[in-house]
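Positions are given from 1, in the same order as the sequence printed here.
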Amino acid sequence: MSLIPFTDTVKIYVLKNENVVQVNFRITDVCVVSKRFTLDEFKIIIKGWREGVSGLETEDSGRIWWEHRDCGPRPVCEPANFVAISIQGWHWRLTVGQMEIIEKEYHEQLVKTNYWD
């Protein structure tokens with residue numbers, strides 16, 4: 001039996017029966033951090049990440065930030081194009097393309113029957 005590594009940077013599971021979206025953030029091939037959002041909370045994230053979801057108070061993860069950024073950190077503020085996510089002291093940066101895949105996956109999982117439903 002061999003190890004199956006985590007390969008996706010972020011993987012989501014829309015658990016409609018629980019009214020939850022589980023988001024797994026890859027740390028290494030053998031470690032992920034899982035966070036859970038209500039369907040309503042994740043709907044806010046999906047609708048608002050381009051403009052910025054700043055300080056959303058969530059049931060599972062407390063206050064979170066999930067937003068598109070067009071420049072790097074201060075003081076340099078070089079032009080950039082990425083999605084910044086901050087949850088309970090963890091910080092991730094995704095490409096806009098990765099976030100668009102998450103957005104598409106969210107909408108697809110909402111309307112189809114998933115094996116975990």
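Of the possible polar contacts, none joining the Q98 side chain to the V83 backbone as a donor-acceptor pair under 3.5 Å is found. Remark: the backbone N or O of V14 is paired with a side-chain donor or acceptor of Q109 at under 3.5 angstrom. R26 places a side-chain N or O within donor-acceptor distance of the main-chain N or O of F6, the cut-off being under 3.5 Å.
To the nearest 0.5 Å, the span separating CD on E108 from CD1 on I12 amounts to 9.5 Å. The line from CD1 of I102 to CG of L94 is 5.0 Å long, rounded to the nearest 0.5 Å. Here I45 contributes atom CD1 and W65 contributes atom CH2; the two are 12.5 Å apart, rounded to the nearest 0.5 Å. Rounded to the nearest 0.5 angstrom, C71 SG and E78 CD are separated by 10.0 Å. In this structure, CG in L15 is found 12.0 Å from OG1 in T38, a value given to the nearest 0.5 Å. How far CG of N24 is from SG of C31: 10.5 Å, rounded to the nearest 0.5 Å.
Counting all heavy atoms, side chain and backbone alike, E51 lies closest to K47 at OE1-O, 3.7 Å. Here the closest non-hydrogen pair linking K35 and S61 is CD-OG, 3.3 Å. Contact between E57 and E41 at its shortest, heavy atoms only, is O-OE2, 4.1 Å. Considering every non-hydrogen atom in both D60 and Q88, the closest pair reads O-NE2, 3.8 Å. Taking all atoms of both residues into account, the shortest heavy-atom contact from K16 to N114 is NZ-ND2, 3.1 Å. The two residues V53 and G48 make their nearest non-hydrogen contact at CG2-C, 3.6 Å.
Annotation for E18: atom CD counts as buried by contact number, over 12 foreign heavy atoms lying within 6.0 Å.
Annotation: cation-pi geometry satisfied between K11 and Y13 (NZ/CZ under 6.0 angstrom from ring centroid, within 45° of ring axis).
Under the 30°/60° scheme for interplanar angles, the aromatic rings of W92 and F25 are found to lie parallel.
Residues I44 and F42 fall within the same hydrophobic cluster, defined by Ile, Leu, Val, Met, Phe, Trp and Tyr side chains chained together at heavy-atom separations under 4.5 Å.
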